[in-house]
Amino acid sequence: MGMKTSLVSALILQFSIANVAIAADQNVLGQATVSHMPDSVRTSVSKIVILPTDGSSSESVKGTYDRKTDGVLGGMAKGAGIGTIPVEVGHVPVGIPIPILRELGMIAGAIAGGTDRQVQEFRDRLTEDLRSTVDQPLTNDSLANDVYWGLRRVDELQPRLFALTTPVPEDTEALLYVAITDLSINVQKNEAIISSTALARLERYSDGSTLYRGEIKYEDRDTLSNWTRNDAILWREYRNFARHYIGREISALLFERIDVDHDVEPDRSDSIRANKKNIWSGRTKTRTPTLVWRSDLGDSGIDPASITWDIEIYDRQRPIYSATSVRGTNHTPDLPLESCGDLYWTVRPTYTIDGDTKVGRWMRRPMDGGASNGNVGRSVSTAHAYVQDFALLQVSCR
């Protein structure tokens, strides 16, 4: 094949731009948990245009590779040069990849540099999936659309989503550039780690100055054999959760979230039999279980009675139930849950502070002494990174 097996074990497939993520206050970002945009910036702009691009033609592709053969990194970089075609659908201008050219080019380009049979099979399956899928989740346009709908929930904002060819109105106060900047597969022996990284950059329209810049990363891992099983279904699930997490995280970091010293965890419920050693895990025989949680605000100064809650329940592949503006610390689904087996549930507080409505973080089990942010996976075949630290509810199928 031409490349020794010892080299394949360290194979990294990566298309990347410079790993720079600096907020307006000059703090370095890019950690598992990053700081939200400063309040001073949040209050300075309201009319925002969202554009599906990194917004900086001066940034260049980084990386080293064997120029004689293009290698893996070279193939990824060359393939990624293919773009998208912007169109307008209804009243919302979006860009439609035809046919998913950017991601397909990246993976197809990488195939030219690969030699290991199992790695080759994995990339082949990913390429075939990208080629045949009409609605590919991991595109700049899909991400921009998610961020747009997330920011529409913020009362003081007037977000608009434009194609790159649409003229920007003169009354625009800021441009928000969002883009998938990195899709990498890191193969270490028999394990593969897939990472997706996105850039969010808010730029003042009047003078082009950067108000906020952050990188958001989502990754998961498992054995190559698990990734390729059942026509690479874990990869297709991964890309949906990656888009789900990144889109939500961008809108939360920019305008929605505030960090309050607020402990939230599941509590005992009459309809859920909790694990004696782990309150985060329970079983139920009913399709309408009452979810109960406890909340400790400490010395935050926030009145607990003023808080409302958002609730979400997921199965292994997707969200299956949600409720918003729930008062109190318990909730019973309005309709019976259709799914059985392992479900994952979580809650998120909504605070009203000085007349402004902001959200907290989704309830997740603390890991290694710190709070999980749902973006670094441990075993995708067990549970996707986004849901792995939500409360586990095993629902009887009978």
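Please read these numbers as outputs of a predicted model, since none were measured by experiment. Because only heavy atoms are used, hydrogens play no part in the values below, and waters and symmetry mates are left out as well, while side chains stay in.
Here the OH atom belonging to Y245 is positioned 11.5 Å from the NZ atom belonging to K217, to the nearest 0.5 angstrom.
Scanning for ring pair (Phe, Tyr, Trp, His ring centres under 6.0 Å) contacts around H244 gives Y314, Y386, with sequence neighbours left out. With sequence neighbours excluded, the residues forming a side-chain contact (heavy atoms from CB on, under 4.5 Å) with S379 are D222, S381, T382, listed by chain and number. With sequence neighbours excluded, no residue forms a ring pair (Phe, Tyr, Trp, His ring centres under 6.0 Å) with Y205. With sequence neighbours left out, D267 forms a salt bridge (Lys or Arg N to Asp or Glu O under 4.0 Å) with R294. For W309, the ring pair (Phe, Tyr, Trp, His ring centres under 6.0 Å) test picks out H262, W293, with sequence neighbours left out. For A385, the side-chain contact (heavy atoms from CB on, under 4.5 Å) criterion is met by Y218, D220, Q388, not counting sequence neighbours. Residues forming a side-chain contact (heavy atoms from CB on, under 4.5 Å) with T286 (at least two apart in sequence, or on another chain): S271, T284, T288, P289. Under the rule for a salt bridge (Lys or Arg N to Asp or Glu O under 4.0 Å), the partners of R316 that lie at least two apart in sequence or sit in another chain are E237. Evaluation of the salt bridge (Lys or Arg N to Asp or Glu O under 4.0 Å) rule for R318 yields D315 as partners, not counting sequence neighbours.
Proximity of L164 to T53: side-chain heavy atoms (C-beta onward) are separated by under 4.5 Å at one or more points. Using a 4.5 Å cut-off on side-chain heavy atoms (C-beta onward), W345 and V347 make contact. With a 4.5 Å cut-off on side-chain heavy atoms, T197 and E219 do not count as touching. No side-chain heavy atom of T290 sits less than 4.5 Å from a side-chain heavy atom of I272. Within the 4.5 Å cutoff, the side chain of L176 has heavy atoms near those of the L151 side chain.
The residues R361 and D259 are annotated as salt-bridged, a charged nitrogen and a carboxylate oxygen being separated by less than 4.0 angstrom. With salt bridges taken as basic N to acidic carboxylate O contacts below 4.0 Å, one links E191 and R221. Between R201 and E203 there is a salt bridge, since at least one side-chain N of the basic residue sits less than 4.0 Å from a carboxylate O of the acidic one.
Residue pairs meeting the salt bridge (charged side-chain N to carboxylate O under 4.0 Å, His left out) criterion with at least one partner in residues 144-165, sequence neighbours excluded, are D146-R243, R153-E256, E156-K358, R160-D171. The salt bridge (charged side-chain N to carboxylate O under 4.0 Å, His left out) contacts involving residues 374-384 comprise R378-D389, where partners must be two or more places apart or lie in separate chains.
Ring to ring, Y321 and H331 are close: their centroids are under 6.0 angstrom apart.
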### Task
Given side chain to side chain donor-acceptor pair (under 3.5 Å), test N373 with E249 step by step and report yes or no.
CA-CA 10 Å; N373 204 42; E249 192 69 0; 3.3 Å; yes
### Task
Determine, step by step, whether L291 and L393 satisfy the side chain to side chain contact (heavy atoms under 4.5 Å, CB included) criterion, reporting the C-alpha distance in whole Å, the side-chain angles of both residues, the deciding distance to 0.1 Å, and the verdict.
CA-CA 10 Å; L291 307 176; L393 179 61; 4.2 Å; yes
Would you list the atom pairs, donor with acceptor, under 3.5 Å between side chains in residues 301-308 and any protein atom, with sequence neighbours excluded?
from: D303; atom 1: OD1; to: A305; atom 2: N; distance (Å): 3.1
from: S306; atom 1: OG; to: D303; atom 2: O; distance (Å): 2.6

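Side-chain atoms of N145 and S142 include no donor-acceptor pair closer than 3.5 Å.
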